[in-house]
Asks: 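Quick one: structure below, then a few questions.
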Amino acid sequence: MNQALRRGALIVFEGCDRAGKTTQCHKLVEVLKREGHRVELMKFPDRSTTIGQMISQYLQKKVELEDHVIHLLFAANRWEAVKKMENLLLNGTTLVVDRYSFSGIAFSAAKPHMDFEWLKQPEVGLLQPDLVLFLELSSDVASKRGEFGQERYEQPQFQRSVRQIFRKLQDKSWQVINADGTPEEVHQDIYEKVKRSIELVSFQQLKKFDKNLGNDQNCEDLSSDSEGVR
Ligand code: NYM
Ligand code: MG
């Protein structure tokens, strides 16, 4: 089979703060690289751009921004990466992305007076992930995992609301990963799913988010009220 015709997979990690996403992203990229895959790590917010620096200042509580404004900046920070992402994927590079549109919607929707439908619109047209790995900690393990940092949103009550909203956004591309285990255990679970996805999508067209984003109700197996262990 001609390798050049294969596209890369868009793999997104989501979850509340301190679920272990960043550790797992690095582990996954390292292993895939060692196996000879073309793979690149990305992270949102990307704090290196001009927009990213505004977001970073906001998260560090150095500036105040109206809730809709910061929401649009987070989305714009993804839009400024679209061309690069598309080119890499079409050239056969798998992208491992630490947070994406679902964080964008869930964190804004956890604030009072935000309209859920409005919040989804800036994401419409962005590349749709092939696989969303949602890392979920049980409350027990979460409370033992230590203090949150000092940034905006890093409070237990707010994070609980975010987690509830994440659940509303789950669709068929999601896999809920039990993040309670050791980094190695969690990695093994993720690795199998990612390998399958890379194979599965390599000859499929890239998809974009349409206006039904987050309206997929055909996933009973993901909507249980357990701690997300599958
Ligand atoms: N966050 C992240 C948002 O509120 N909206 C977004 O679109 C994205 C991508 O930024 N608490 C929030 C979630 C995090 C914070 O992310 C910074 P990180 O992964 O801690 O750098
Ligand atoms: Mg953080």
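Counting convention: from 1, in listed order, for ligands and their atoms alike.
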Asks: Kindly give the cluster partners of Val31, where membership spreads through any ILVMFWY side chain lying under 4.5 Å from a current member.
Replies: Tyr191
Asks: Quick check on Glu154 - does any of its heavy atoms sit under 4.0 Å from an atom of ligand 1?
Replies: no
Asks: Do we get Arg7 above Phe203's six-membered ring, with its NZ or CZ under 6.0 Å from the centre and within 45° of the axis?
Replies: no
Asks: Have a look at Phe107 and tell me which of Phe44, Tyr153, Phe74 forms a ring pair (Phe, Tyr, Trp, His ring centres under 6.0 Å) with it.
Replies: Tyr153
Asks: For ligand 1, indicate whether the residue Asp17 contacts it via side chain, backbone, both or neither (heavy-atom separation under 4.0 Å).
Replies: side chain
Asks: Can you see which heavy atom on Ile55 is nearest to which on Pro45, and at what distance?
Replies: CG2-CB, 3.9 Å
Asks: Quick one: do Trp118 and His71 satisfy side-chain contact (heavy atoms from CB on, under 4.5 Å)? Show the steps, please.
Replies: CA-CA 10 Å; Trp118 185 89; His71 181 75; 3.7 Å; yes
Asks: Counting heavy atoms only, which part of Pro45 comes closer than 4.0 Å to ligand 1: side chain, backbone, both or neither?
Replies: both
Asks: Evaluate Arg99 for polar contact with ligand 1, using N/O atom pairs at a separation under 3.5 Å.
Replies: yes
Asks: Shortest non-hydrogen contact from Gly8 to Val201?
Replies: O-CG2, 4.4 Å
Asks: Taking the six-membered ring of Phe116, is the NZ or CZ of Lys168 close enough (under 6.0 Å from the centre) and on axis enough (within 45°)?
Replies: yes
Asks: Just which atoms of ligand 1 are under 4.0 Å from any heavy atom in Gly104?
Replies: 5 (N), 6 (C), 7 (O)
Asks: What atoms of ligand 1 come closer than 4.0 angstrom to any heavy atom of Phe44?
Replies: 9 (C)
Asks: Which of the numbered atoms in ligand 1 are under 4.0 angstrom from any heavy atom belonging to Arg78?
Replies: 6 (C), 7 (O), 9 (C)
Asks: So if I count the atoms of ligand 1 from 1 in the order they appear, which ones are less than 4.0 Å from some heavy atom of Leu59?
Replies: 10 (O), 15 (C), 17 (C)
Asks: Any nitrogen or oxygen of Tyr100 lying under 3.5 Å from a nitrogen or oxygen in ligand 1? Just yes or no.
Replies: no
Asks: Which atoms of ligand 1 sit under 4.0 Å from any heavy atom of Lys43?
Replies: 18 (P), 19 (O), 21 (O)
Asks: Hey, does Lys21 sit under 4.0 Å from ligand 1 if you only count heavy atoms?
Replies: no
Asks: How about Phe102 and Phe209: are their ring centres within less than 6.0 Å of each other?
Replies: yes
